[in-house]
Amino acid sequence: MMFEDQRLQNIREKLDAGARLSFEDGVALYRSPDILSVGWLANRKREELHGNVTYFNVNRHINPTDVCVASCRLCAFGKKAKDPKAYTMSLEEVWEKAGHGYSEAVTEFHIVGGLHPELTLDWYCEMLRGLKQRFPQVHLKAFTMVEIGYLAQRAKLSAREVLVRLKDAGMDSLPGGGAEIFHDRVRRIICDHKITGEQWIDVARTAHQLGLHSNCTMLYGHIETEEDRVDHLMKLRALQDETHGFVTFIPLAFHPDNTPLQHIGKTTGFADIREIAVARLMLDNIPHIKAYWVMMTPKVAQIAQRFGSDDIDGTIVEERIYHDAGATTAQNLRRGELLRLIREAGREPVERDTLYRPVERVENAFTVLV
Ligand code: V47
């Protein structure tokens, strides 16, 4: 089979020869109208890496505070401390929230929040210790690189020192948020109060050097160009060559509702699917590509399982960041529904823990097989 689009045909020949895709190849993948051929290439790579398996997990999101000193235009979640609608949980409330709806099935707490001007590094360490004490078997995937950078600035410590202390207190890995688009021109407009793209990469490098795995993300569908997206993916790929610390890449579609960028339209199904496929092809060294159903809807996340994705996130309990920005998806998907979505896509569902070890149900409980 030959592709009609000559640029795609060249890319296919490069991939057949085991060569790495270039910046120009990335732009061509974004610009080709032939989404089926782009998807075919991505699916081939996905099956090479993961066969027929689609991974999912069972986690609970905990957002201890929405108070944030930054005022990122992309965000509908953060609030100023004096806003009557803002909230900050006490430590007891965090621990209580973690236990609310908790069952043996939960293998991960995903913990992120605003950049709070008063909560200290010690407070966060105590929060982690309290969670580990109460839920010793649950993996703590906590704090974006942006939160680490802010805690370091406030505590007048290096990011390394902050990471060491949080790791000692129980942090097991880091989620991928806060990366947005690394290019300065875009960052100045959508998130000018956040650490720079270079700083994000530096914090991730340090985390990986300390033996902590992390995820990585890219926020697309706002004011960025195709070149900005390829640049972002190539920066992630370069760091991964160095550290091998990234586990999963998650493309995040911008949700404009309730943000100062409301005039920007929502992403389309075509754009969401293409993002998964291009990521799979450009990020040849990052093991997993997640189609986050909360953001893309379960229907699109299902189709993504044939366009390069091997992960659909999971039965999340309570999500806030996307729902504050207008997401109308359910806040959780029952296990049975998730299994049906995966099976109807012709894939074999495998429940995983954060580091992709299979989890099996044994006598009504869930244990991790190592
Ligand atoms: O960093 C914020 C994005 C991210 C909006 O690591 C928005 O497993 C769209 O990183 N529209 C947080 N996006 C979510 C995140 C994540 C999600 C699921 C799994 C993992 C993981 C990480 O959400 C932020 C930002 O990029 N975000 N506001 C918005 N209005």
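Atoms within a ligand are numbered from 1 in the order they appear, just like the ligands themselves.
- Applying the 4.0 Å criterion to heavy atoms of Asn215 picks out, from ligand 1, the atoms 6 (O), 8 (O), 21 (C).
- Leu151 contributes atom CG, which lies 8.5 Å from atom SG of Cys125 (distance to the nearest 0.5 angstrom).
- Taking any N or O of Leu219, backbone or side chain, none lies under 3.5 Å from an N or O belonging to ligand 1.
- Less than 4.0 angstrom separates some heavy atom of Gly177 from each of these atoms of ligand 1: 1 (O), 10 (O).
- The residue from Leu174, Leu252, Leu74 that puts a heavy atom closest to atom 14 (C) of ligand 1 is Leu252.
- Not a single heavy atom of Ser214 lies less than 4.0 angstrom from ligand 1.
- Under the side-chain hydrogen bond (donor to acceptor under 3.5 Å, both in side chains) rule, His288 has a single partner from Asp310, Thr248, Asp311, which is Asp310.
- Remark: ligand 1 and Pro175 share no N or O pair separated by less than 3.5 Å (distance only, no angle test).
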Checking Ile111 against Leu131 for the side chain to side chain contact (heavy atoms under 4.5 Å, CB included) test, could you report, in this order, the C-alpha distance in whole Å, the side-chain angles of both residues, the deciding distance, and whether it holds? CA-CA 11 Å; Ile111 309 164; Leu131 287 170; 3.6 Å; yes
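- The ring pair (Phe, Tyr, Trp, His ring centres under 6.0 Å) search around His116 returns none, not counting sequence neighbours.
- Heavy-atom proximity to atom 24 (C) of ligand 1, evaluated over Lys290, Glu108, His61, Glu180, is greatest for Glu180.
- Under 4.0 angstrom from ligand 1, there are no non-hydrogen atoms of Ala179.
- Electrostatic pairing of Arg347 and Glu47 counts as a salt bridge here, judged by a charged N lying under 4.0 Å from a carboxylate O.
- Between atom 17 (C) of ligand 1 and the options Tyr292, Trp293, Phe249, the minimum heavy-atom separation is to Tyr292.
- Close contacts between ligand 1 and Ile250 involve ligand atoms 6 (O), 8 (O), 20 (C), 21 (C) [criterion: under 4.0 Å to a heavy atom].
- Leu49 and Phe56 are assigned to two separate hydrophobic clusters, defined by single-linkage of ILVMFWY side chains at heavy-atom distances under 4.5 Å.
- If you take CG on Leu119 and CD on Glu126, they are separated by 11.5 Å, rounding to the nearest 0.5 Å.
- In this structure, of Lys194, His255, Met295, Lys141, the residue bringing a heavy atom nearest to atom 8 (O) of ligand 1 is Lys141.
- Every residue two or more places apart in sequence or in another chain that forms a ring pair (Phe, Tyr, Trp, His ring centres under 6.0 Å) with Phe246 is listed here: His208.
- In Thr259, the part holding a heavy atom less than 4.0 Å from any atom of ligand 1 is the side chain.
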